[in-house]
S.K.: 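One structure coming up, written as C-alpha cells, with questions to follow.
None of these values were measured; they are calculated from a predicted model. Order of the sequence lines fixes the chain letters, A, B, ..., with proteins taken first and strands second; residue numbering starts at 1 for each chain.
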There are 2 protein chains.
Amino acid sequence: MKFSAQEEYGLRCLITIGLKESATIPEISREEGLSEHHTAKLLSILRKAGFINSTRGHIGGYRLARPAEEIAISGVLEVLGGKLYDKRFCAKHSGLLTMCTHVGSCSIRSVWRQIQDAVDTVLDRVSLADLLAEAEVSILDLPKDRAGLKNHELRQVTNVH
Amino acid sequence: MKFSAQEEYGLRCLITIGLKESATIPEISREEGLSEHHTAKLLSILRKAGFINSTRGHIGGYRLARPAEEIAISGVLEVLGGKLYDKRFCAKHSGLLTMCTHVGSCSIRSVWRQIQDAVDTVLDRVSLADLLAEAEVSILDLPKDRAGLKNHELRQVTNVH
DNA sequence: GCGATACATGACATAATAGTCTAGATTGCG
DNA sequence: CGCAATCTAGACTATTATGTCATGTATCGC
C-alpha cells in the first residue's frame, strides 16, 4: 500500500497555488523542483477535476476554483491517485479466472473496507485550508528556530524528508 | 493510494494455507486462480519473511510458521507491499532537487503520517486468526443463503467482487 | 499585427511492478 | 537407484506508472 508520486506532487502543487493566491507553471515548477512539463501535466489533472482555474496569456496562471475551506483533501487525492478500494478492485484481482473464487466468502475484502473507512475518516476532516494554515505556520517558525544554519546542517536537524 | 496486487494475492495465499493447515503450490494455485509460478513467487516472499514454513519432497507443502493468532496482518502487508509512509518517502520525492524544498515546513507529511496511523490502528487489531474465522463463517453461510443458485445468478446476488 | 508569456495536449521514453518461464534442488517411495 | 512430486531461484517479458518532449493555442502589451 503506497502513495503514488502523482498524489504527492499534485497535492504539493495545489498547496503552492493556495499559498500564493495565484501562480504560473514556471513559478510552481521552480518552487517544487519539478520540470515545467511535469508540473503542467499535474495542474491539468487538477484543473479538469475542477479544483483550480487557469488563465492563459501574459498575466495568466492558476488559482483555486473555490475557497480552500471547501476543497476536501479526500477529493483531491481521489483524483490524483484513485480510491484505495474501488468497485473494480475485486474484478481486477480474480487471477486467471473470470470471476473471483471468493464470491460470497471474502474475508480480505472486509479488511480493505475497514482500512478505506479509516483513511476516509482522516481525510474527510482535512481541507486544503488546514494544510495551508499549517504550511504558513511552519514557514514563520523557521527563522526563529534555525536562523544561521546552512543547508547541510539543517538536513541533520530535520532528518530530511 | 492503492493496494498492490502482491498484497492482495499474497494475503489470500496465506489465508488459504491457514484454512487448510497445510497446502501445496498446485492446491493454492488452483484455489486462488493463479499460475503455479506466480503462487510460488508469493509464497517465497512469505516464507523468507517467516510467516510460513516449507517442506520439500513428495508429501511437502506449506504451513503457518506460528499460530494464526500471532500473525499480525500489518506485518504481512508490510512485507508484501511495504510501508505506506516510510523514511525514504520524502527523499524519493524531492523532484529534480537533491533535497526536498519543504524541509522544516512540510504540511503534507503530517497528513501522510495521520493516514499511516489510522491504517496501523486498524491493522494492528486484526490477526490472521480473525480473517480465518471470518472466512470459515462465510463458507458455512453460503449454502444456507444461496442454495441452488447457478454461478451467473450468484453473480447478481453478490454483486461480484 | 507581432512577439513574449502563458496554458493545453498527446506522443514518446523510461522506470517500476506484475507475472511467466526455465532450470535446478530436495524428498519420499517402490 | 530412479522417478515423481514438491519447493527454490533468478532471468525474462509484459504491463502500468512516471516523467519528458514537441507542438499548438490563447492573451496581453506595444
S.K.: Out of dG28(C), dA8(C), dT20(C), which has the shortest distance to the side chain of Arg56(A)?
M.R.: dA8(C)

S.K.: Examine dT6(D): is either OP1 or OP2 under 4.0 Å from a nitrogen or oxygen in the side chain of Arg47(B)? Give yes or no.
M.R.: no

S.K.: Atom NZ of Lys2(B) and atom C1' of dA18(C): how far apart are they, to the nearest Å?
M.R.: 16 Å

S.K.: Take the protein atom OH of Tyr62(B) and the nucleotide atom P of dT26(C), then report the distance between them rounded to whole Å.
M.R.: 15 Å

S.K.: Before accepting this row, confirm whether a basic side-chain N of the pair Arg113(B)/Asp120(B) lies closer than 4.0 Å to the acidic partner's carboxylate O.
M.R.: no

S.K.: Look only at the side chain of Ser44(B) and the backbone of Ala40(B), and say whether a donor-acceptor pair between them is shorter than 3.5 Å.
M.R.: no

S.K.: Taking any heavy-atom pair under 4.0 Å as a contact, classify Ser44(A): base, sugar-phosphate, or nothing.
M.R.: nothing

S.K.: Are the side chain of Lys2(A) and the backbone of Lys2(B) linked by a donor-acceptor contact shorter than 3.5 Å?
M.R.: no

S.K.: Are the side chain of Glu70(A) and the backbone of Pro67(A) linked by a donor-acceptor contact shorter than 3.5 Å?
M.R.: no

S.K.: Out of dT27(D), dC7(D), dT9(C), which has the shortest distance to the side chain of Ser54(B)?
M.R.: dC7(D)

S.K.: Between the base of dT18(D) and the side chain of His38(A), is there a donor-acceptor distance below 3.5 Å?
M.R.: no

S.K.: Can you measure Glu7(A) atom CD to dG19(D) atom C1' for me and round it to whole angstrom units?
M.R.: 17 Å

S.K.: Taking atom C1' of dA6(C) as reference, at what distance in whole Å does atom CG of Asn53(A) sit?
M.R.: 15 Å

S.K.: Looking only at side-chain atoms of Lys41(B), point me to the closest of dT9(C), dT20(C), dC7(C).
M.R.: dT20(C)

S.K.: Look at the side chain of Pro26(B) and decide which nucleotide, out of dT8(D), dC7(D), dT9(C), has an atom nearest to it.
M.R.: dC7(D)

S.K.: Nearest-Å distance, CD (Glu36(A)) to P (dA8(C))?
M.R.: 14 Å

S.K.: Would Lys41(B) and His37(B) satisfy side-chain contact (heavy atoms from CB on, under 4.5 Å), going step by step from the backbone distance to the final call?
M.R.: CA-CA 6 Å; Lys41(B) 194 175 197 173; His37(B) 288 299; over 6 Å; no

S.K.: Counting side-chain heavy atoms from C-beta on, which of dT8(D), dC7(C), dT6(D) comes nearest to Ala40(B)?
M.R.: dT8(D)

S.K.: Side chain of His58(A) only, please: which of dA9(D), dT9(C), dT5(C) is the nearest?
M.R.: dT5(C)

S.K.: Quick check against the 3.5 Å criterion: does Glu8(A) have a side-chain atom that pairs as donor or acceptor with the backbone of Phe3(A)?
M.R.: no

S.K.: Check the distance between dA18(C)'s P and Arg12(B)'s CZ and give it to me in whole angstrom.
M.R.: 14 Å

S.K.: For dT17(C) and Tyr9(B) - does any side-chain N or O of the residue sit under 4.0 Å from the phosphate oxygens OP1/OP2?
M.R.: no

S.K.: From CD1 of Ile45(A) over to P of dT9(C), roughly how many Å is that when rounded to an integer?
M.R.: 12 Å

S.K.: Determine: side-chain N/O of Ser35(A) to OP1/OP2 of dT20(D), distance under 4.0 Å, yes or no.
M.R.: yes

S.K.: Please give, in whole Å, the distance from dG19(C) C1' to Leu42(B) CG?
M.R.: 9 Å

S.K.: Closest-nucleotide mapping onto DNA chain D: is His37(A) or Phe3(A) further toward the 5' terminus? I mean the 5' end.
M.R.: Phe3(A)

S.K.: Is any side-chain nitrogen or oxygen of Ser4(A) closer than 4.0 Å to OP1 or OP2 of dA17(D)?
M.R.: no

